Protein chains: 2
Amino acid sequence: MNIGDVSTRTGLPAKTIRYYEDIGLVTPDRAGNGYRRFSPAHVHKLRFLARARSLGFSIEECRDLLALWEDRARASADVRAIANQHLDRIEAKITELQEMRDTLAGLVRACHGDDRPDCPILRDLEGGTPKAG
Amino acid sequence: MNIGDVSTRTGLPAKTIRYYEDIGLVTPDRAGNGYRRFSPAHVHKLRFLARARSLGFSIEECRDLLALWEDRARASADVRAIANQHLDRIEAKITELQEMRDTLAGLVRACHGDDRPDCPILRDLEGGTPKAG
DNA sequence: CTTGACCTTCCCGTGACTGGAACCCTTATG
DNA sequence: CATAAGGGTTCCAGTCACGGGAAGGTCAAG
């Protein structure tokens, strides 16, 4: 199978698939004309990667997950540890973004948003005068 | 004031302050020995930047906000538009992360996490067999 | 024989910095 | 006077996970 087919089958751009080869995540064969040739197993692997990436795992985590996936003697605890770590990072990021959102939403609410120059948003950015009174 | 003092006063690393000069966000004076010299106004501006960045505004948004901040005739609506747009992006990101979190949390819960190889997390990544039965 | 859709490699750009090398300026101390 | 410490300076490279685009090879159809 050529890279274009693999791309449609996995949803990954061809560029991304080449990149994954570059960094050693997949190693397709080569046809006589130099074209990459992918087996169903390669496609399966790339789908695994696409799914893991869509869940926000980093490339290095994907590499680890792939290794575990291909290790028939792996311990599920190892997989869960990676997932849990990632989960913690996601939770932290969510909290951080929620704080940003709350602050910003408050400022946007406080701003009348017309053609006058007075603006609580800028006042906050300027010096943390969070609307006195 | 030298860059080190500005760094402590604003909480921004010196490297970042130099970077902000590079991209034209601040333009400190220069002393005879080539050192950057910052006025209180520069520090104020950098604090503005630090606060805006901490709220997740991109550098380009910061540039726009700075321009509005320094335009005494600005309309608060313009500021609010930028903030609102940013708010939407934050909301979208939060939703995306929450979906990731929910999926991952489900998988982690389903994984017994011991030394056996059987693992629902890998099963999901492998092919979307989301635990049949 | 040409067209057009594929494929290849290669290099640059992204955002917002961070690390590090190699060097200059200033002050204090032996 | 040498030197060491602790500022500062420039410039280059790396991060992460690709994406854009150039320059060119390959293949099936008309």
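The basis for the numbers below is simple: all heavy atoms, side chains too, and nothing from hydrogens, waters or symmetry mates. Computed from a prediction, not measured in an experiment: that's the story for all the values here.
Taking atom CD of A:Glu60 as the reference point, atom P of D:dC18 lies 12 Å away to the nearest angstrom. What separates CZ of B:Arg37 from P of C:dT26 is a distance of 12 Å, to the nearest Å. The nearest whole Å value for the distance from the CG atom in A:Leu49 to the P atom in D:dC16 is 17 Å. Going from atom CG of A:Leu12 over to atom C1' of D:dC18 covers 11 Å, rounded to whole Å. Between the OH atom of B:Tyr19 and the C1' atom of C:dT18 there is a distance of 12 Å, given to the nearest Å. The distance between atom CD1 of B:Ile23 and atom P of C:dT18, rounded to the nearest whole Å, is 12 Å. To the nearest angstrom, C1' of C:dC17 lies 9 Å from CD1 of B:Ile59. Separating the CZ atom of B:Arg63 from the P atom of C:dG15 is a distance of 11 Å, rounded to the nearest angstrom.
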Each nucleotide of nucleotides 21-28 of chain D classed B (base within 4.0 Å of a protein heavy atom), S (only sugar-phosphate) or -, in 5' to 3' order, makes B---BBS-
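The 12-atom threshold is not exceeded at CD of A:Gln85, counting heavy atoms of other residues, nucleotides or ligands nearer than 6.0 Å.
Side chains of B:Arg89 and B:His86: a donor-acceptor N/O pair is present below 3.5 angstrom, by distance only.
Residue A:Arg30 places at least one side-chain N or O under 4.0 Å from the OP1 or OP2 atom of C:dT9. In this model, the phosphate group of D:dC18 is approached by a side-chain N or O of A:Tyr20 to a distance below 4.0 Å at OP1 or OP2. For B:Arg18, a side-chain nitrogen or oxygen approaches OP1 or OP2 of D:dT9 to under 4.0 Å. Close to C:dA16, at under 4.0 Å from its OP1 or OP2, lies no side-chain N or O of B:Thr16.
Follow the hydrophobic side-chain contacts under 4.5 Å out from B:Val26 and you never reach B:Tyr35; the two are in separate clusters.
The pair A:Asp114-A:Arg116 meets the salt-bridge criterion, with a side-chain N (NZ, NE, NH1 or NH2) lying under 4.0 Å from an Asp/Glu carboxylate O.
The backbone N or O of B:Phe57 sits less than 3.5 Å from a side-chain atom of B:Arg53, completing a donor-acceptor pair. Looking at A:His42, its side chain never comes within 3.5 Å of a backbone N or O of A:Asp29 through a donor-acceptor pair.
Counting any heavy atom pair closer than 4.0 Å across all strands shown, A:Ile3 reaches sugar-phosphate atoms only and no base atom.
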Quiz: residues 93-104 of chain B side-chain donor-acceptor pairs under 3.5 angstrom, not counting sequence neighbours:
{"unit_1": "B:Thr95", "atom_1": "OG1", "unit_2": "B:Glu91", "atom_2": "O", "d": "3.0"}
{"unit_1": "B:Thr103", "atom_1": "OG1", "unit_2": "B:Glu99", "atom_2": "O", "d": "3.0"}

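Checked against C:dA16, C:dT9, D:dT9, the side chain of B:Arg36 finds its nearest nucleotide in D:dT9.
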